[in-house]
There are 2 protein chains.
Amino acid sequence: MSRQTDGGRRTPLNRDRVLRTAVALADRAGIEALSMRSLAQELGVVPMALYKHVANKEQLLDGMVDVVVGEVGAPAEDADWKSAVRGRVLATRQALLRHPWAARVVESRPGPTPGTLGHLDSVIGMFLAGGLSADLTHHAMHALGGRVWGFTQELFPAPPPSADPEVQAAVLREAAARYPHVVAIATAGAAHDGGSVVGAGCDDLFEFEFALDLLLDGIERLHRRGWTSVRPG
Amino acid sequence: MSRQTDGGRRTPLNRDRVLRTAVALADRAGIEALSMRSLAQELGVVPMALYKHVANKEQLLDGMVDVVVGEVGAPAEDADWKSAVRGRVLATRQALLRHPWAARVVESRPGPTPGTLGHLDSVIGMFLAGGLSADLTHHAMHALGGRVWGFTQELFPAPPPSADPEVQAAVLREAAARYPHVVAIATAGAAHDGGSVVGAGCDDLFEFEFALDLLLDGIERLHRRGWTSVRPG
DNA sequence: ACCTGAACACCGTTCAAGT
DNA sequence: ACCTGAACACCGTTCAAGT
């Protein structure tokens, strides 16, 4: 249904249309369903036609990342550095959440794209504008790591969604014997989500902000102390 | 050369030999060179023979992860919780550094393996033994995120290794115009590595410990304050 | 200038057959 | 019980040819 039917003549391909269709296809069918061949079919075109607009699949993925990065709005101007960074990171998180495949693809890129470099630049600029030294800012960026992109790789994405409550109980009993500590904190920490104990997810935003604030507060403390890295030259 | 030549009769395959050969092949040739077919060839066997010992490639990767996790030694017993966790995390880091592909594969697994669950269990046990509440421990584990595995996904793995110093200078000049903040902290922070400014890497262990200690210190502070998560039930 | 067809060298996995 | 051969339904990418 999304196939082009403009009276036998197709609107000519261009890089932008290729990238946007790829993003839409990955959103709908999952990133594993995105191949040069499936994307070509989606565009009503033969696979080879794509290679006039993207050099190869790697460059296609780079381009898709920049489409998503482009969806992050402009940074706020007025606030202090800490809430400026905080806000920007959380805004990036929102953009990435709209495309479930995006976090994984960003991680998999072997190097920065223009879009991701621009994003890094804007976050670094906030630290520097707040008076942090280039040295502290450098390490702060490393410490934030994946969180600058608005995601954290979780220990494991989702707890197994077992339907039968009897099976759940049996699984839990066996797990408690083998991994007592895991079960202890899973049942304690997940209580707030209201669901069944074993299948309950965590409050992702809470966990994300918990770690983000732990890091930002620590960085602020170092900044106030005039911290510098003392290392052998 | 590594092909079996035991007088025409092959030593029978078993799961352990399949996994260890897969680990060795990934170490030597890279994870992208590991296919069911290349692994079979390495073992002097037809691809289908592997499927008697691992259900599919996913299970092969799970098994490889557990081989690596098995290389992490036993945890230290006596220390306080903070240095116990710190030591265990750094030991895990060492094991993962021996297998460059391992961090990426751990990240890519859709769920925990017995080995990774056991590893999580031991780290959680250290927090609980130190008197942290299950609640705080839960969030602490989330905050540590990938760091419990001994790695952090870097912003980007490696700076481009450009040979010609003239090209380097030109690249730097163009980058400085477009991404001034990135260049500012790259040149400041990388100075300690002694190499050329643009191609210098960072001190990975320093960055890793910087973030790890920021988190552990923050967690310790919350613990001393008797922190609890207050969330709507 | 832009798109196509046919082909190459790969994948993971199946099935039915061999020893 | 364990391994094999042939085949299936895929990949990304090339080359030379079409319009």
Side-chain angles (χ1 to χ4, degrees), chain A residues 2-23 25-26 28-65 101 104-105 108-111 113, chain B residues 2-23 25-26 28-65 101 104-105 108-111 113:
Chain A
S2 64
R3 188 185 291 271
Q4 302 284 122
T5 45
D6 48 350
R9 240 223 233 160
R10 357 197 79 90
T11 57
L13 238 46
N14 60 51
R15 193 181 145 88
D16 199 64
R17 201 155 77 87
V18 169
L19 295 181
R20 295 190 178 284
T21 307
V23 167
L25 181 56
R28 173 161 42 82
I31 192 72
E32 75 288 342
L34 176 78
S35 67
M36 296 301 273
R37 294 167 121 103
S38 64
L39 175 57
Q41 193 181 8
E42 187 76 11
L43 287 158
V45 119
V46 93
M48 257 313 292
L50 301 175
Y51 287 83
K52 283 272 125 68
H53 303 99
V54 289
N56 48 39
K57 193 176 181 183
E58 297 293 288
Q59 204 184 89
L60 173 72
L61 292 172
D62 280 349
M64 292 170 69
V65 165
W101 48 270
R104 179 139 299 212
V105 172
S108 78
R109 297 298 75 215
T113 63
Chain B
S2 64
R3 187 185 292 271
Q4 301 284 121
T5 45
D6 47 349
R9 240 222 233 162
R10 359 197 78 89
T11 58
L13 240 46
N14 59 53
R15 193 180 146 87
D16 199 64
R17 200 154 79 85
V18 168
L19 294 181
R20 294 191 179 283
T21 306
V23 167
L25 180 56
R28 173 160 44 83
I31 192 71
E32 75 288 342
L34 177 78
S35 67
M36 297 301 272
R37 294 166 121 104
S38 65
L39 175 56
Q41 193 181 9
E42 186 76 13
L43 286 159
V45 119
V46 94
M48 258 313 291
L50 300 175
Y51 287 83
K52 283 272 125 66
H53 302 101
V54 288
N56 49 40
K57 192 175 182 182
E58 297 292 287
Q59 205 185 87
L60 173 72
L61 292 171
D62 280 348
M64 292 170 69
V65 166
W101 47 272
R104 181 139 296 212
V105 172
S108 78
R109 297 298 74 217
T113 63

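Chain A is the first sequence line, chain B the second, and so forth, proteins listed ahead of strands; every chain is numbered from 1. Given the structure is predicted, the values throughout are model-derived calculations rather than measurements.
No donor-acceptor distance shorter than 3.5 angstrom exists from the side chain of A:Thr113 to the backbone of A:Asp62, with no hydrogens or angles considered.
For D:dT14, neither phosphate oxygen OP1 nor OP2 lies less than 4.0 angstrom from any side-chain nitrogen or oxygen of A:Tyr51. One finds no side-chain N or O of A:His53 lying less than 4.0 angstrom from the OP1 or OP2 phosphate oxygen of C:dC2.
Counting to the nearest Å, the P atom of C:dT4 and the CG atom of A:Leu43 are 11 Å from each other. If you take CD of B:Gln41 and P of C:dG12, they are 13 Å apart, rounded to a whole angstrom. Straight-line distance from the CG atom of A:Leu50 to the C1' atom of C:dT4: 12 Å, rounded to whole Å.
Nearest nucleotide to the side chain of B:Val45, out of C:dT13, D:dT13, D:dT4: D:dT4. Picking from D:dT14, D:dG5, C:dG12 the nucleotide with the shortest atom distance to the side chain of B:Arg37 gives C:dG12. Out of C:dT13, D:dT13, D:dC3, the shortest distance to the side chain of B:Met36 is found at C:dT13. Between D:dG12, D:dC3, C:dC3, one nucleotide has an atom nearer to the side chain of B:Lys52 than all others, and that is D:dC3. For A:Met48, the listed nucleotide lying nearest its side chain is C:dT4; candidates were D:dC11, C:dT4, C:dG12. Counting only heavy atoms from C-beta on, B:Ala49 has its side chain closest to D:dT4 among D:dT4, C:dT4, D:dC11. Taking every side-chain heavy atom of A:Val46 into account, C:dG5 is the closest of C:dG5, D:dG12, C:dC11. Taking every side-chain heavy atom of A:Lys57 into account, D:dT13 is the closest of C:dC11, D:dT13, D:dC3.
Remark: of the listed residues B:Val105, B:Ile31, B:Val18, B:Ile31 is the sole one forming a side chain to side chain contact (heavy atoms under 4.5 Å, CB included) with B:Met64.
Both distances falling under 3.5 Å, in either a Watson-Crick or a G-U wobble arrangement, place C:dT13 opposite D:dA7. Here C:dA1 sits opposite D:dT19 as a Watson-Crick or G-U wobble pair (both hydrogen-bonding atom distances under 3.5 Å).
No side-chain heavy atom of A:Leu60 sits under 4.5 Å from any side-chain heavy atom of A:Leu50. At least one side-chain heavy atom of A:Arg109 sits under 4.5 Å from a side-chain heavy atom of A:Glu58.
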